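Since the structure comes first, as structure tokens, the remarks are kept for the end.
Atoms within a ligand are numbered from 1 in the order they appear, just like the ligands themselves. Just so you know, these numbers come straight off a predicted model, no measurement behind them.
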Amino acid sequence: MSNKKKIIIDCDPGHDDAIALLLASRADNLKILGVTTVAGNSEIEHTVRNARRVLDYAEVFDVPVYKGCNHPMMHNLYRLTGAIIHGEDGLGGPDIPPPVTPIEKEHAVDFIIKTLRESDEKITLIPTGPLTNIAMALIKAPDIKDNIEKIVIMGGAVYTPGNITSAAEFNIYVDPEAAKIVFSSGCNIYLNTLDVSMKAVFYNEDIENLRAQGDKVSVIVAELLDFFASTHLDHFGIKSCPVHDALCVGVLIDDSLIQYERTYLDVSVNDPLTRGETVADLWGITGKETNCFISVKVDRDKFVNMIFDHMKKPYKR
Ligand code: BDR
Ligand code: CA
């Protein structure tokens, strides 16, 4: 039995999803069993292709990529993609060549279920997009819960405003019904919210230092950050660049990266003004059992250095 943590990354690349994949591929303590994709930052045909071409670019040919749900559980994607932030194909900016490795035929949800059922060790799920695939897997096969070590999610905002509405963060807003299912599943959930991801930012100087490392993966990550930083400046007026999704991988590499507190959390689905909001019972007024850990503090410098150190490493199977 290997002492690497087994993980499945469920993502919608997306610049920060792509960096999460690259970070995981360079982590000595993680074994990526597969990458599953979902509609979110862009349509599914784009997100699945982006996952594959990023991995191929970084010479990670042996990690399989699966196509998942093409729209949220209760509605169509109806232009609710992250195109304004990530570009029309979800990965604007660098010219990453087309994929050479084929996409797997099996559906992402079936891969997640089969892999969890067949594994002799518990597996950590890392969803960095809308929670559609994970909720569908939990509905189709509730027994898989027993083999989930934890679910480390990028999503939500508790102490800070949202980034798609004032109440909601993008991933949860795109599929709030799915998020509600996941939070009420009884799984061991760690939620990395905007509260920490908007603090673990890259400044222009960090991006230049990364580029200066000179290897092909560091350079492409710097180019991804150039684009992401420019859309954050145009759209949100901020002069720094978050890398939200990569924190979910980072905390599995070094658990001192993020501090959490345990709470009961639910997702607003019915009110148009707050739809997609992650509402935490911080003062315990509901009397409900806690159901997740929410992020409260992050070590930005540790994260930036972790990205520097890992991107220059070659991929080892
Ligand atoms: C989340 O939304 C997406 O745009 C990013 O990839 C990240 O997962 C941040 O709100
Ligand atoms: Ca994402």
Side-chain angles (χ1 to χ4, degrees), residues 8-24 35-44 46-48 50-51 54 65 68-69 72 77 79-93 108 125-134 151-176 178-179 182 190-202 221 224-225 227-232 234-236 238 240-251 267 275-278 294-295 298 303:
I8 295 173
I9 303 180
D10 184 67
C11 58
D12 61 338
H15 296 70
D16 50 336
D17 303 81
I19 298 170
L21 293 177
L22 294 170
L23 181 60
V35 170
T36 55
T37 54
V38 68
N41 283 327
S42 190
E43 287 79 9
I44 189 72
H46 289 310
T47 59
V48 68
N50 289 343
V54 164
V65 172
C69 296
L77 208 54
R79 302 303 298 157
L80 193 59
T81 68
I84 200 160
I85 300 295
H86 295 272
E88 277 304 321
D89 77 347
L91 214 50
L125 304 181
I126 310 179
T128 62
L131 287 161
T132 321
N133 288 338
I134 307 297
I151 310 181
V152 185
I153 300 171
M154 193 290 128
V158 172
Y159 296 98
T160 51
N163 60 358
I164 179 87
T165 69
S166 57
E169 178 278 334
F170 179 81
N171 288 340
I172 306 295
Y173 185 74
V174 171
D175 200 343
V182 173
Y190 286 75
L191 184 65
N192 293 330
T193 63
L194 296 177
D195 305 327
V196 293
S197 68
M198 292 308 292
K199 295 206 175 91
V201 290
F202 273 58
V221 171
L224 287 166
L225 291 173
F227 184 93
F228 210 36
S230 73
T231 56
H232 276 78
D234 293 347
H235 189 65
F236 297 113
I238 55 174
S240 58
C241 187
V243 197
H244 316 278
D245 296 340
L247 283 171
C248 295
V249 174
V251 75
V267 179
R275 185 168 161 79
E277 183 177 11
T278 43
I294 57 168
S295 56
V298 65
F303 179 55

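The distance from ligand 1 to the heavy atoms of D245 drops below 4.0 Å at these ligand atoms: 5 (C), 6 (O), 7 (C), 8 (O). Counting atoms of ligand 1 from 1 in the listed order, those under 4.0 Å from a heavy atom of H86 are 3 (C), 4 (O), 5 (C), 6 (O).
In this view, T47 satisfies the side-chain hydrogen bond (donor to acceptor under 3.5 Å, both in side chains) rule with no residue, not counting sequence neighbours. Residues forming a ring pair (Phe, Tyr, Trp, His ring centres under 6.0 Å) with F236 (at least two apart in sequence, or on another chain): H232. For F227, the ring pair (Phe, Tyr, Trp, His ring centres under 6.0 Å) partners at least two apart in sequence or on another chain are H15.
Side-chain contact check for S197 versus M154: some heavy-atom pair is nearer than 4.5 Å. The closest side-chain heavy-atom distance from I126 to I8 is not below 4.5 Å. Between Y173 and E277 the shortest side-chain heavy-atom distance does not fall below 4.5 Å. Residues V65 and T37 have side chains in contact (heavy-atom distance under 4.5 Å, counting atoms from C-beta outward). Under the 4.5 Å side-chain criterion, counting only non-hydrogen atoms from C-beta, V201 is not in contact with I238.
Not close to ligand 1: I85, with no non-hydrogen atom less than 4.0 angstrom away. Residue H15 places every heavy atom at 4.0 Å or more from ligand 1.
Inside a sphere of radius 3.0 Å centred on the Ca ion (ligand 2), the protein N/O/S atoms present are D12 OD1, D17 OD1, D17 OD2, T128 O, D245 OD2.
In terms of polar-atom proximity, N163 is counted as a contact of ligand 1, with an N or O under 3.5 Å from an N or O of the ligand. Considering backbone and side-chain N/O atoms, N171 comes within less than 3.5 Å of an N/O atom of ligand 1.
With rounding to the nearest 0.5 Å, the separation of CG in D175 from OG1 in T132 is 3.5 Å.
Proximity of T128 to ligand 1, defined as any heavy-atom pair under 4.0 Å, is confined to the backbone N, CA, C and O atoms.
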